[in-house]
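These values consider heavy atoms only, across backbone and side chains, with no hydrogens, waters or symmetry-generated copies. When a residue number appears, it is its place in the shown sequence, counting from 1.
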Amino acid sequence: MEGKCVFCNIVAGKIPATILYQDEKVIALRDIKPQAPIHLLVIPKEHIPSLAELGDKQRELAAHLIYVANDLAKREGVAERGYRLIVNCRREGGQEVPHLHIHLLGGRQLSGIMG
């Protein structure tokens with residue numbers, strides 16, 4: 001799957017992308033089909049098909065994804081007013097790319113109250 005995975009190919013440099021953030025564990029970029037003025041993707045470099053496949057070995061990575069998303073919200077200027085983090089899991093959960101990723105949305109009032 002990794003050879004066909006669009007996010008793995010971005011991580012490998014085979015597909016060009018404007019990387020907003022990168023470290024040894026994750027990359028972040030703008031979504032190509034934004035649903036809000038700020039719509040970023042925070043993606044682990046390790047190929048994990050979905051949230052359902054996270055295991056004990058990835059606990060630190062899961063926390064790191066959220067930490068990076070929070071830092072990017074501050075950098076993008078949406079942290080004070082508010083933002084939303086979304087993880088879609090598998091087909092029925094709305095996941096389009098079978099590689100774990102977090103959506104960071106902000107920059108406007110987001111519809112719906114969750115929680």
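- Of the charged side-chain nitrogens involved, none lies within less than 4.0 Å of a carboxylate oxygen, so that Glu46 and Lys57 do not count as a salt-bridged pair.
- Note: Lys25 NZ to Tyr67 OH = 11.5 Å, rounded to the nearest 0.5 Å.
- The backbone N or O of Gln35 sits less than 3.5 Å from a side-chain atom of His39, completing a donor-acceptor pair.
- At least one donor-acceptor pair under 3.5 Å links the side chain of Asn9 to the backbone N or O of Cys5.
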Full working for side chain to side chain contact (heavy atoms under 4.5 Å, CB included) between Phe7 and Leu100: CA-CA 9 Å; Phe7 291 160; Leu100 176 63; over 6 Å; no
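- Cluster membership check: Ile15 does not share its hydrophobic cluster with Val26, using side-chain heavy-atom separations under 4.5 Å among Ile, Leu, Val, Met, Phe, Trp and Tyr.
- A donor atom on one side chain and an acceptor atom on the other are not found under 3.5 Å apart for His101 and Asn88.
- No side-chain heavy atom of Ile86 sits under 4.5 Å from any side-chain heavy atom of Leu104.
- Taking every heavy atom of both residues into account, Gly107 and Pro37 meet most closely at O-CG, 3.6 Å.
- The minimum heavy-atom distance between Leu85 and Ala69, with the atom names listed, is CD2-CB, 3.6 Å.
- Residue Arg75 places its CZ atom among more than 12 non-hydrogen atoms of other residues, nucleotides or ligands, all under 6.0 Å distant.
- Leu41 has its side chain out of reach of Arg30: every pair of non-hydrogen atoms, C-beta onward, lies at least 4.5 Å apart.
- You'll find the side chain of Val68 reaches within 4.5 Å of the side chain of Tyr21, heavy atoms only.
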Full working for side chain to side chain contact (heavy atoms under 4.5 Å, CB included) between Leu61 and Ile48: CA-CA 11 Å; Leu61 175 61; Ile48 301 167; 3.6 Å; yes
Stepwise side chain to side chain contact (heavy atoms under 4.5 Å, CB included) check, Asn70 with Leu72: CA-CA 5 Å; Asn70 186 52; Leu72 288 166; over 6 Å; no
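- In this structure, Asp31 and Leu40 have side chains that are not in contact, with every pair of non-hydrogen atoms separated by 4.5 Å or more.
- Ile27 and Leu65 fall into different hydrophobic clusters, defined by Ile, Leu, Val, Met, Phe, Trp and Tyr side-chain heavy atoms under 4.5 Å apart, directly or through other members.
- By the 4.5 Å heavy-atom criterion applied to side chains, His99 and Cys8 are counted as neighbours.
- Side-chain contact between Ile10 and Leu29 is present, with heavy atoms from C-beta onward closer than 4.5 Å.
- Scanning all heavy atoms of the two residues, the minimum distance from Ser50 to Cys89 falls at OG-SG, 3.9 Å.
- Both Val87 and Ile66 belong to a common hydrophobic cluster when Ile, Leu, Val, Met, Phe, Trp and Tyr are linked at side-chain heavy-atom distances under 4.5 angstrom.
- Two residues are said to be in side-chain contact when any heavy atoms from C-beta on lie closer than 4.5 Å; Gln95 and Leu51 fail this criterion.
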Audit row: Lys33, Glu96, side chain to side chain contact (heavy atoms under 4.5 Å, CB included) steps and yes/no: CA-CA 12 Å; Lys33 296 186 276 184; Glu96 293 182 14; 3.4 Å; yes
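- Lys45 contributes no side-chain N or O that, together with a main-chain N or O of Gln22, makes up a donor-acceptor pair within less than 3.5 Å.
- For the pair Glu76 (side chain) and Ala73 (backbone), a donor-acceptor distance under 3.5 Å is absent.
- Side-chain contact between Leu105 and Ile38 is absent, with no heavy-atom pair separated by less than 4.5 Å.
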